[in-house]
Amino acid sequence: MGISIEKATTTRYNSIDWNNLGFGRFFSDHMFISRFENGHWDEGKIIPYGPICFEPSMMTLHYGQTIFEGLKAYFDVNGGVNLFRPDMNAKRMNKSADRLCIPRFNEEKFVEAIIELVKLDHKFVPKVYGQSLYIRPVCFGSSCVLGVHPASEYTFIIITSPVASYYPEGLNPVKILIEDQFVRAVRGGLGDSKTAANYAASLYAGQKAKEMGFSQVLWLDGIQHEFVDEVGAMNIMFVIDDVLITPPLYQGSILPGVTRDSVLCLAKEFGIKVQERSIKIQEVIQAYEKGTLQEVFGTGTAATISPVGVLYYHGKEMIINNNQIGPVAQKMYDTLTDIQYGKIKDIYNWIVHIDI
Ligand code: COI
(Lines give C-alpha, C1' and ligand atoms only; values in the text may rest on other atoms or scores of the structure.)
Protein backbone atom coordinates (compact mmCIF):
# COMPACT_ATOMS: atom_id res chain seq x y z
CA MET A 1 0.00 0.00 0.00
CA GLY A 2 1.33 3.48 -0.89
CA ILE A 3 0.91 6.84 0.75
CA SER A 4 -2.70 8.05 0.67
CA ILE A 5 -3.38 11.67 -0.17
CA GLU A 6 -6.12 13.91 1.18
CA LYS A 7 -5.96 17.12 -0.82
CA ALA A 8 -6.45 20.57 0.71
CA THR A 9 -9.64 22.30 -0.43
CA THR A 10 -8.08 25.77 -0.25
CA THR A 11 -4.53 26.95 -0.94
CA ARG A 12 -2.15 28.93 1.23
CA TYR A 13 -0.24 30.05 -1.89
CA ASN A 14 -1.74 33.55 -2.05
CA SER A 15 -1.13 34.27 1.62
CA ILE A 16 2.63 33.91 1.11
CA ASP A 17 4.69 37.10 0.80
CA TRP A 18 6.74 35.83 -2.15
CA ASN A 19 8.83 39.01 -2.28
CA ASN A 20 9.78 38.71 1.35
CA LEU A 21 10.05 35.01 2.13
CA GLY A 22 12.61 35.12 4.92
CA PHE A 23 13.15 31.71 6.50
CA GLY A 24 10.52 29.33 7.90
CA ARG A 25 7.64 31.80 8.00
CA PHE A 26 5.32 30.27 5.39
CA PHE A 27 4.15 26.72 4.81
CA SER A 28 2.80 24.85 1.83
CA ASP A 29 -0.62 23.21 1.53
CA HIS A 30 0.15 19.68 2.68
CA MET A 31 2.11 17.64 5.20
CA PHE A 32 3.02 13.99 5.60
CA ILE A 33 2.12 12.25 8.83
CA SER A 34 2.85 8.76 10.08
CA ARG A 35 2.26 7.26 13.51
CA PHE A 36 4.06 4.53 15.41
CA GLU A 37 1.69 2.47 17.55
CA ASN A 38 1.73 -1.12 18.81
CA GLY A 39 5.34 -1.55 17.74
CA HIS A 40 5.19 -0.42 14.11
CA TRP A 41 4.91 2.62 11.84
CA ASP A 42 1.71 2.91 9.82
CA GLU A 43 1.74 3.55 6.04
CA GLY A 44 1.56 7.31 6.56
CA LYS A 45 -0.60 9.78 4.68
CA ILE A 46 -0.44 13.20 3.14
CA ILE A 47 -3.06 15.56 4.55
CA PRO A 48 -3.71 19.33 4.48
CA TYR A 49 -1.14 21.31 6.54
CA GLY A 50 -2.72 22.35 9.81
CA PRO A 51 -2.84 22.03 13.58
CA ILE A 52 -2.32 18.69 15.27
CA CYS A 53 -4.02 17.87 18.53
CA PHE A 54 -2.24 16.47 21.62
CA GLU A 55 -2.97 16.18 25.31
CA PRO A 56 -0.85 18.34 27.66
CA SER A 57 0.70 15.13 28.99
CA MET A 58 2.30 14.38 25.61
CA MET A 59 5.79 13.19 26.56
CA THR A 60 7.88 15.27 24.18
CA LEU A 61 6.63 18.50 25.75
CA HIS A 62 8.14 17.35 29.04
CA TYR A 63 11.18 15.23 28.20
CA GLY A 64 12.24 16.41 24.74
CA GLN A 65 12.35 13.05 22.98
CA THR A 66 12.32 14.61 19.53
CA ILE A 67 14.53 14.68 16.45
CA PHE A 68 14.33 16.54 13.17
CA GLU A 69 15.96 17.01 9.79
CA GLY A 70 16.39 19.77 7.23
CA LEU A 71 16.81 19.49 3.47
CA LYS A 72 15.74 21.46 0.44
CA ALA A 73 13.98 21.10 -2.92
CA TYR A 74 15.33 23.38 -5.67
CA PHE A 75 13.75 24.30 -9.00
CA ASP A 76 15.78 22.74 -11.81
CA VAL A 77 16.68 25.24 -14.54
CA ASN A 78 15.86 22.49 -17.07
CA GLY A 79 12.45 21.76 -15.56
CA GLY A 80 11.28 19.76 -12.56
CA VAL A 81 12.60 19.87 -9.03
CA ASN A 82 15.79 18.56 -7.39
CA LEU A 83 16.31 17.15 -3.93
CA PHE A 84 19.87 17.25 -2.61
CA ARG A 85 21.13 14.05 -0.96
CA PRO A 86 17.87 13.13 0.83
CA ASP A 87 19.31 9.66 1.60
CA MET A 88 21.86 11.38 3.89
CA ASN A 89 19.05 13.01 5.86
CA ALA A 90 17.20 9.70 6.12
CA LYS A 91 20.32 8.03 7.50
CA ARG A 92 21.11 10.88 9.87
CA MET A 93 17.55 10.89 11.19
CA ASN A 94 17.87 7.21 12.05
CA LYS A 95 21.21 7.85 13.75
CA SER A 96 19.53 10.52 15.85
CA ALA A 97 16.61 8.12 16.41
CA ASP A 98 18.97 5.47 17.84
CA ARG A 99 20.51 7.98 20.25
CA LEU A 100 17.10 9.28 21.41
CA CYS A 101 15.53 5.78 21.70
CA ILE A 102 13.07 6.55 18.89
CA PRO A 103 12.09 3.71 16.54
CA ARG A 104 13.80 3.93 13.14
CA PHE A 105 11.77 5.08 10.13
CA ASN A 106 12.24 3.23 6.83
CA GLU A 107 14.79 5.25 4.82
CA GLU A 108 13.25 4.56 1.39
CA LYS A 109 9.86 5.56 2.76
CA PHE A 110 11.38 8.78 4.15
CA VAL A 111 12.55 9.75 0.65
CA GLU A 112 9.33 8.53 -1.01
CA ALA A 113 7.19 10.63 1.36
CA ILE A 114 9.26 13.72 0.55
CA ILE A 115 9.00 13.09 -3.21
CA GLU A 116 5.21 12.69 -3.01
CA LEU A 117 4.85 15.81 -0.87
CA VAL A 118 7.06 17.93 -3.13
CA LYS A 119 5.25 16.67 -6.26
CA LEU A 120 1.91 17.64 -4.76
CA ASP A 121 3.11 21.07 -3.55
CA HIS A 122 5.56 21.79 -6.38
CA LYS A 123 4.09 25.25 -7.00
CA PHE A 124 5.57 26.24 -3.61
CA VAL A 125 9.13 25.62 -4.86
CA PRO A 126 10.37 29.19 -5.56
CA LYS A 127 11.62 29.83 -9.10
CA VAL A 128 14.31 32.20 -7.85
CA TYR A 129 18.00 31.31 -7.69
CA GLY A 130 19.04 31.21 -4.03
CA GLN A 131 15.52 30.30 -2.88
CA SER A 132 14.12 26.83 -2.28
CA LEU A 133 11.46 24.76 -0.59
CA TYR A 134 12.84 23.86 2.84
CA ILE A 135 11.73 20.40 3.98
CA ARG A 136 11.45 19.76 7.70
CA PRO A 137 10.90 16.17 8.88
CA VAL A 138 10.27 15.96 12.64
CA CYS A 139 9.73 12.86 14.76
CA PHE A 140 8.74 12.79 18.42
CA GLY A 141 7.46 10.64 21.24
CA SER A 142 3.72 11.22 21.41
CA SER A 143 2.53 8.94 24.20
CA CYS A 144 0.47 10.85 26.74
CA VAL A 145 1.93 9.73 30.05
CA LEU A 146 4.32 11.21 32.60
CA GLY A 147 7.62 9.61 33.71
CA VAL A 148 11.09 9.60 32.20
CA HIS A 149 11.30 6.66 29.80
CA PRO A 150 11.08 6.29 26.03
CA ALA A 151 7.57 6.82 24.67
CA SER A 152 5.64 3.86 23.25
CA GLU A 153 3.93 5.97 20.56
CA TYR A 154 5.60 8.31 18.07
CA THR A 155 4.54 10.78 15.39
CA PHE A 156 6.56 11.57 12.28
CA ILE A 157 5.61 14.66 10.28
CA ILE A 158 7.13 16.32 7.21
CA ILE A 159 6.25 19.94 6.49
CA THR A 160 7.63 22.21 3.77
CA SER A 161 8.32 25.93 3.67
CA PRO A 162 9.35 28.18 0.76
CA VAL A 163 12.47 30.04 1.95
CA ALA A 164 15.06 32.62 1.00
CA SER A 165 18.36 32.78 2.88
CA TYR A 166 18.60 31.74 6.54
CA TYR A 167 20.63 34.78 7.58
CA PRO A 168 19.34 38.20 6.49
CA GLU A 169 22.96 38.81 5.35
CA GLY A 170 22.50 36.22 2.55
CA LEU A 171 25.91 35.54 1.04
CA ASN A 172 27.39 38.60 2.79
CA PRO A 173 29.70 37.77 5.69
CA VAL A 174 28.20 37.29 9.16
CA LYS A 175 29.64 38.37 12.53
CA ILE A 176 30.21 35.53 14.98
CA LEU A 177 30.90 35.69 18.71
CA ILE A 178 33.16 32.95 20.07
CA GLU A 179 31.37 31.66 23.17
CA ASP A 180 33.57 30.58 26.05
CA GLN A 181 31.14 30.46 28.95
CA PHE A 182 28.08 28.51 27.84
CA VAL A 183 28.24 25.19 25.99
CA ARG A 184 26.10 23.54 23.34
CA ALA A 185 27.24 19.95 23.73
CA VAL A 186 29.81 17.77 25.46
CA ARG A 187 31.54 14.60 24.41
CA GLY A 188 29.13 11.74 25.08
CA GLY A 189 26.13 14.07 24.95
CA LEU A 190 23.67 14.77 22.15
CA GLY A 191 25.79 17.08 19.99
CA ASP A 192 25.88 14.83 16.94
CA SER A 193 22.13 14.18 17.02
CA LYS A 194 19.72 16.56 15.37
CA THR A 195 17.56 16.98 18.44
CA ALA A 196 15.75 19.93 19.97
CA ALA A 197 17.89 19.92 23.13
CA ASN A 198 20.95 21.16 21.22
CA TYR A 199 19.02 24.11 19.86
CA ALA A 200 17.41 24.85 23.23
CA ALA A 201 20.90 24.85 24.76
CA SER A 202 21.98 27.46 22.23
CA LEU A 203 19.20 30.00 22.76
CA TYR A 204 20.49 31.94 25.76
CA ALA A 205 23.99 32.54 24.41
CA GLY A 206 22.57 33.16 20.93
CA GLN A 207 20.25 35.85 22.25
CA LYS A 208 23.06 37.49 24.21
CA ALA A 209 25.21 37.49 21.06
CA LYS A 210 22.36 39.06 19.02
CA GLU A 211 22.03 41.85 21.57
CA MET A 212 25.74 42.52 21.04
CA GLY A 213 25.26 42.70 17.26
CA PHE A 214 26.40 39.18 16.28
CA SER A 215 24.49 36.72 14.07
CA GLN A 216 25.40 33.62 16.05
CA VAL A 217 27.96 32.11 18.38
CA LEU A 218 30.80 29.74 17.60
CA TRP A 219 30.76 26.97 20.20
CA LEU A 220 33.95 25.67 21.76
CA ASP A 221 34.27 22.19 23.26
CA GLY A 222 32.21 21.72 26.39
CA ILE A 223 35.03 20.61 28.69
CA GLN A 224 38.12 22.79 28.16
CA HIS A 225 36.51 25.59 26.09
CA GLU A 226 39.58 25.31 23.96
CA PHE A 227 38.72 23.45 20.75
CA VAL A 228 36.35 24.68 18.05
CA ASP A 229 33.08 22.73 17.69
CA GLU A 230 30.44 24.29 15.41
CA VAL A 231 28.08 27.23 15.07
CA GLY A 232 24.82 25.44 15.92
CA ALA A 233 23.03 26.30 12.69
CA MET A 234 26.08 25.29 10.66
CA ASN A 235 29.46 23.54 10.74
CA ILE A 236 32.57 25.72 10.57
CA MET A 237 35.55 25.69 8.20
CA PHE A 238 38.82 27.63 8.23
CA VAL A 239 41.26 28.21 5.40
CA ILE A 240 44.72 28.59 6.97
CA ASP A 241 47.80 28.64 4.78
CA ASP A 242 45.77 27.24 1.85
CA VAL A 243 44.55 24.26 3.91
CA LEU A 244 40.83 23.76 4.53
CA ILE A 245 40.47 22.75 8.18
CA THR A 246 37.29 21.62 9.93
CA PRO A 247 36.76 19.90 13.30
CA PRO A 248 36.34 16.10 13.12
CA LEU A 249 33.13 14.21 13.88
CA TYR A 250 34.53 11.37 15.98
CA GLN A 251 34.17 13.15 19.32
CA GLY A 252 30.40 13.17 18.89
CA SER A 253 29.74 16.81 19.78
CA ILE A 254 29.31 18.09 16.20
CA LEU A 255 26.41 17.55 13.82
CA PRO A 256 27.50 15.55 10.75
CA GLY A 257 26.34 18.13 8.21
CA VAL A 258 25.32 17.13 4.69
CA THR A 259 26.74 20.39 3.32
CA ARG A 260 29.90 19.83 5.37
CA ASP A 261 30.35 16.42 3.77
CA SER A 262 29.65 17.82 0.29
CA VAL A 263 32.15 20.67 0.71
CA LEU A 264 34.88 18.28 1.90
CA CYS A 265 34.22 16.09 -1.13
CA LEU A 266 34.33 19.07 -3.53
CA ALA A 267 37.49 20.44 -1.89
CA LYS A 268 39.32 17.16 -2.50
CA GLU A 269 38.05 17.21 -6.10
CA PHE A 270 39.37 20.77 -6.54
CA GLY A 271 42.79 19.77 -5.22
CA ILE A 272 42.43 21.77 -2.01
CA LYS A 273 44.31 20.27 0.90
CA VAL A 274 41.78 19.18 3.54
CA GLN A 275 42.33 18.47 7.24
CA GLU A 276 39.52 17.13 9.42
CA ARG A 277 41.15 17.63 12.78
CA SER A 278 40.73 19.25 16.18
CA ILE A 279 41.60 22.90 16.05
CA LYS A 280 42.17 25.10 19.09
CA ILE A 281 40.72 28.57 19.07
CA GLN A 282 44.25 29.77 19.95
CA GLU A 283 45.49 28.31 16.65
CA VAL A 284 42.85 30.34 14.79
CA ILE A 285 43.90 33.49 16.66
CA GLN A 286 47.59 32.87 16.00
CA ALA A 287 46.88 32.30 12.30
CA TYR A 288 44.97 35.58 12.24
CA GLU A 289 47.87 37.37 13.89
CA LYS A 290 50.38 35.83 11.48
CA GLY A 291 48.16 36.75 8.52
CA THR A 292 47.62 33.12 7.47
CA LEU A 293 43.91 32.93 8.34
CA GLN A 294 42.56 33.41 4.85
CA GLU A 295 38.90 32.45 5.18
CA VAL A 296 36.27 31.31 7.68
CA PHE A 297 32.87 30.05 6.56
CA GLY A 298 29.95 28.02 7.79
CA THR A 299 28.22 25.18 5.98
CA GLY A 300 24.63 24.03 6.50
CA THR A 301 21.47 23.18 4.63
CA ALA A 302 19.64 26.27 5.83
CA ALA A 303 22.72 28.49 5.82
CA THR A 304 24.23 26.97 2.61
CA ILE A 305 27.69 28.57 2.57
CA SER A 306 27.90 31.46 4.95
CA PRO A 307 31.14 33.46 5.00
CA VAL A 308 32.26 34.76 8.38
CA GLY A 309 33.51 38.35 8.17
CA VAL A 310 34.15 38.96 11.86
CA LEU A 311 35.13 36.67 14.73
CA TYR A 312 35.05 38.18 18.22
CA TYR A 313 36.85 36.64 21.20
CA HIS A 314 37.71 38.12 24.60
CA GLY A 315 37.38 41.70 23.41
CA LYS A 316 39.40 41.08 20.24
CA GLU A 317 37.79 41.58 16.85
CA MET A 318 39.27 39.60 13.97
CA ILE A 319 38.23 40.82 10.54
CA ILE A 320 38.52 37.95 8.08
CA ASN A 321 39.46 38.55 4.43
CA ASN A 322 38.53 42.25 4.69
CA ASN A 323 35.00 41.19 5.61
CA GLN A 324 34.53 39.79 2.09
CA ILE A 325 33.58 36.31 0.91
CA GLY A 326 36.79 34.44 0.03
CA PRO A 327 37.58 32.41 -3.10
CA VAL A 328 37.11 28.97 -1.47
CA ALA A 329 33.70 29.85 0.03
CA GLN A 330 32.62 31.43 -3.25
CA LYS A 331 33.68 28.39 -5.30
CA MET A 332 31.89 26.04 -2.90
CA TYR A 333 28.73 28.16 -3.00
CA ASP A 334 28.77 28.41 -6.79
CA THR A 335 29.43 24.71 -7.34
CA LEU A 336 26.89 23.49 -4.82
CA THR A 337 24.13 25.80 -6.02
CA ASP A 338 24.88 25.03 -9.68
CA ILE A 339 24.49 21.31 -8.91
CA GLN A 340 21.36 21.89 -6.82
CA TYR A 341 19.62 24.01 -9.49
CA GLY A 342 20.66 21.65 -12.30
CA LYS A 343 23.00 24.17 -13.97
CA ILE A 344 25.94 21.76 -14.05
CA LYS A 345 26.12 18.01 -14.28
CA ASP A 346 25.87 16.17 -10.97
CA ILE A 347 28.80 13.78 -11.25
CA TYR A 348 28.40 12.70 -7.63
CA ASN A 349 24.86 11.29 -7.85
CA TRP A 350 23.73 13.72 -5.17
CA ILE A 351 20.57 14.88 -6.92
CA VAL A 352 17.23 13.10 -6.79
CA HIS A 353 15.35 14.65 -9.68
CA ILE A 354 11.56 14.90 -9.57
CA ASP A 355 9.72 15.27 -12.88
CA ILE A 356 6.76 17.57 -12.49
C1 COI B 1 19.36 23.15 8.70
O2 COI B 1 20.41 23.63 8.29
O3 COI B 1 18.58 22.56 7.95
C4 COI B 1 18.96 23.25 10.10
O5 COI B 1 18.17 22.48 10.55
C6 COI B 1 19.51 24.35 10.92
C7 COI B 1 18.44 25.12 11.60
C8 COI B 1 19.09 26.07 12.50
C9 COI B 1 17.52 25.82 10.65
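Values reported hereafter were calculated over all heavy atoms of this structure, with side chains retained and with hydrogens, waters and symmetry mates removed. Counting from 1, the numbers follow the sequence of the chain as shown. Both counts, for ligands and for their atoms, begin at 1 and track the order of listing.
- Other cluster members for L249: I254, joined by side-chain heavy-atom distances under 4.5 Å among Ile, Leu, Val, Met, Phe, Trp and Tyr.
- By the side chain to side chain contact (heavy atoms under 4.5 Å, CB included) test, L203 is found to be paired with no residue, residues two or more places apart in sequence or in another chain being considered.
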Next on the checklist: Applying salt bridge (Lys or Arg N to Asp or Glu O under 4.0 Å) to R85 and D261, what does each step give before you reach the verdict?
Outcome noted: CA-CA 11 Å; R85 310 186 77 180; D261 182 81; 2.9 Å; yes
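- Within a 6.0 Å radius of NZ in K290, other residues, nucleotides and ligands contribute 12 heavy atoms or fewer.
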Does ligand 1 have any N/O atom under 3.5 Å from a protein N/O, and what are those pairs and their distances?
residue  : atom  : partner : partner atom : Å
ligand 1 : 2 (O) : T301    : N            : 3.4
ligand 1 : 2 (O) : A302    : N            : 2.9
ligand 1 : 3 (O) : Y134    : OH           : 2.5
ligand 1 : 5 (O) : Y134    : OH           : 3.1
ligand 1 : 5 (O) : R136    : NH2          : 3.4
ligand 1 : 5 (O) : K194    : NZ           : 2.8

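- In this structure, F32 and F156 have perpendicular ring planes: the angle between them is above 60°, well past the 30° mark.
- Here ring-ring contact (aromatic ring centres under 6.0 Å, His included) pairs that include residues 323-346, with residues two or more places apart or in two chains, are Y74-Y341, F75-Y341, Y129-Y341.
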